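Please read the structure below before turning to the comments.
Please read all numbers here as calculations on a predicted model, not as lab measurements. Letters A, B, ... mirror the listed sequences (proteins, then strands); counts begin at 1.
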Amino acid sequence: MAVSAYLQLAIRILTVAVAVSAPYIFAAIGEMFSQKSGVLNLGVEGIMMLGAFVAFYFAWAHENILLGIILAIFVGGLMGLLMAFVSVTLKAKQGISGIGLFMFGWGVAGTLFRLFVGGVQSISGLQDLNVSGLTDLPYIGRILFSHNILVYLAFLLVPVSWYVLYKTPWGLKVRAVGSTPRAADTMGINVTKIRYQCVILGSMLAGLAGAYLSVAQANMFASDLVAGRGFIAIALVYFGRWKPFGILKGAMLFSVANGFQRWFQISGIAFPYEVTVVFPYVLIIVVLALSHKKFAEPTALTVPYDREFKG
Amino acid sequence: MIKKLSVISFLFIFVAIFSLTGIGSAEDEAVSIAMIFPSTIDDMAWSQAMYEGVMSLQEELGDARISNVSYSENLYDAVQVGSAMREYAPNFDIVIAHGAQYQNIVDDVARDFPNTTFAYGTSYNAMHDNVYAYDPHAEEGAYLAGIIAAHVTETGIVGVIGPVQAGDAIKYNTGFMQGVESVDPDIEIRVGYTGSFGDTVAAREMAETQIDEGADVLTGSAQQTVGSIRAAAEAGVYWLSTDIDQSSLAPDTVIASQSLNFKEVVRYMIDARADGIYGGEHLPLSFENGFLTYDFNENLAHLIDDELQALIDQTIEQIISGEITIEIN
């Protein structure tokens, strides 16, 4: 292959990677808020399944994608409320309640699909914007300007969430609640309220991530559509060290690696496909293991806050 | 009062005995069927092919022949499958464990229930007298798909989207490749696996990558292919189906489908049971015995010209007669 052919290939892989990283960004940024406040929400996968179904259903039955997306976010918020109630108010073990939420969302989505749709159906899905002129720009045109509106929203979410977390009073409260909840409480910050807000916000973004998969990527709903992407999003929060731009890097690295492995497989180079398929996952783990920077894990992560606890 | 009660209880007992004998006599002929699926009954692939086969047979034969059909979906781990089978085995005449991965559990449970017929597949190993191993010759229809793909492709690149390199996928992919090569060895065949059976989104992404890199006819097996078919439909390239007729998903995309005719497989098992045979046989699904069929989508009939149609008919005959053998390595 000539150099220009490799360049064209790189452009194709990057273009796809930008689009497929969007759901990871939504879900992982959401999970980041939740974890920053001290709540590990392992239910992301289940919330995404439910969000994917709700968005698909309204896009399919009522041909209203926007309504579907909004309701997916709303349903995600309700799931977050449930998670917050169980893990903040009732102080349940977060690992267990999150897994419970995952199974609940997964099961409910599958059941509703069976009841209200009943089989594989497809929709036309969210269209790409294809900004005229910009798409034709050399090299970066397709990479940057050939996507649907949600992709831009996902990439916009990265700086916005960074600003909110590090430059606003509310962000300061979130970080305080997630690291030293007792001190935050002493300063008059309502720990319970902040954690509710963060878990609900995170779950709304998970609902949006699920909606992306069904109405902007697959353009259909099927049993187990999310297929582990919710758990990948949680891993990306650790990879990104609870920082929005770190998460963006992780999501892009994972998506580019995935695009590369798909091309590598079909390029016909004799190589065991099992190794190729797991390459993106191994890459994420290796990069995570080799980076020596101190972990920025919120110190109160997974620890329910008990006001009455005397130490 | 007492008299009234005794009359009622007499009537009740009478009705009860009458209805019991009614059930008893029906049971002699009617069979009940339980099924265990690795995915869902509406997966548009492997599981749906079996489910629809059984339901269509029940509709044809009526409740007098097939009294009861029950099923469990999404069962993959050994503990769940084992307990489901042990619950079904004493209460059903035929228990179908619809996957090669259930082999060890079938082996185990079938020993304890000699009067129950068990069936599983893909496999050729009918390990007990009450076990059928069904074995779709997926490579036969795949060979036809390969011939069609080789004729339809304009870019000279055809793509396969596989789940994992195992069992049926190996048979299907190998048959497809040999079919393509039989027409034109210069056509490039690109194979990409997702590493999953049910990851619809990954199957779509693999299809998009195949299309981006120049493939204009795609095929593949497993329930995740619905994602790939959607990608093919949106990009305007063609698809060749297996397991079940998938043309309803994309009427202008799916050229033809290999269908597994499980209806006839189950009919065979029911008939054998009436003769006192409970299993012990390897049941191939092939063009030869008619348990495998190949159907064309009328919307895309213009792609199959007379010459190609003649070649397909001839190939089917040659596969049946053994003139064409497909080597699975």
Practice problem: Check each atom of B:I189 against the heavy atoms of chain A and say whether the ones under 4.5 Å are side chain, backbone, both or neither. | Solution: neither
Quiz prompt | Side chain, backbone, both or neither of B:S39 within contact of chain A (heavy atoms, under 4.5 Å) | solution = neither
Practice problem: Give, for atom CD1 of B:I161 and atom CD of A:Q265, the distance between the pair rounded to the nearest 0.5 Å. | Solution: 11.0 Å
Quiz item: So how far is it from B:T194 OG1 to A:N258 CG, rounded to the nearest 0.5 Å?
Solution: 10.5 Å
Self-check item: Largest heavy-atom contact set with chain B, pairs under 4.5 Å, which of A:T276, A:V16, A:I123, A:L213
Solution: A:I123
Quiz item: Can a salt bridge be assigned to the pair B:E213 and A:R12 using a cut-off of 4.0 Å between side-chain N and carboxylate O?
Solution: yes
Exercise. Take B:E188 and A:I266 through the test side-chain contact (heavy atoms from CB on, under 4.5 Å) and record every step on the way to the result.
Key: CA-CA 10 Å; B:E188 207 175 317; A:I266 66 168; over 6 Å; no
Quiz prompt | Top of A:R262, A:Q261, A:R114, A:Q217 for chain B proximity - count of heavy-atom pairs under 4.5 angstrom | solution = A:R262
Quiz item: For A:I96, does the CD1 atom sit with more than 12 other heavy atoms under 6.0 Å from it, leaving out its own atoms?
Solution: no
Quiz item: Is there side-chain contact between B:Q224 and A:D224, with at least one heavy-atom pair below 4.5 Å?
Solution: no
Self-check item: Heavy-atom donor-acceptor pair, A:Y273 side chain to B:Q165 backbone, under 3.5 Å
Solution: yes
Quiz item: With only heavy atoms counted, which part of B:V164 is less than 4.5 Å from chain A, the side chain, the backbone, both or neither?
Solution: both
Practice problem: Go through B:T209 and A:I13 one step at a time and tell me if the side-chain contact (heavy atoms from CB on, under 4.5 Å) criterion holds. | Solution: CA-CA 9 Å; B:T209 306; A:I13 288 178; over 6 Å; no
Exercise. Select one option (side chain, backbone, both, neither) describing which atoms of B:E73 are under 4.5 Å from chain A's heavy atoms.
Key: side chain
Practice problem: Flag the one option from B:E205, B:Q210, B:Q48, B:E234 with the top tally of heavy-atom pairs under 4.5 Å to chain A. | Solution: B:E205
Exercise. Identify which of B:R230, B:R190, B:M44, B:Q223 forms the greatest number of heavy-atom pairs closer than 4.5 Å to chain A.
Key: B:R230
Quiz prompt | Structural part of B:V201 lying under 4.5 Å from a heavy atom of chain A | solution = both
Practice problem: Would you mind checking which part of B:A250 comes under 4.5 Å of any heavy atom in chain A, side chain (CB onward), backbone (N, CA, C, O), both or neither? | Solution: neither
Quiz item: So how far is it from B:D212 CG to A:L9 CG, rounded to the nearest 0.5 Å?
Solution: 9.5 Å
Exercise. Start with the C-alpha gap between A:V120 and B:D42, add the side-chain angles, then the distance that decides, and say whether side-chain contact (heavy atoms from CB on, under 4.5 Å) holds.
Key: CA-CA 7 Å; A:V120 182; B:D42 48 14; 5.9 Å; no
Quiz item: Within a reach of under 6.0 Å around CD of B:E59, are more than 12 heavy atoms found that belong to other residues, nucleotides or ligands?
Solution: no
Practice problem: Report, as yes or no, whether the 6.0 Å neighbourhood of atom OH on B:Y294 holds more than 12 heavy atoms from other residues, nucleotides or ligands. | Solution: yes
Self-check item: Neighbour count above 12 (heavy atom, 6.0 Å) for B:Q80 CD
Solution: yes
Quiz item: Given the options B:V226, B:N74, B:V160, B:D43, which has more heavy-atom pairs under 4.5 Å with chain A than any of the others?
Solution: B:V226
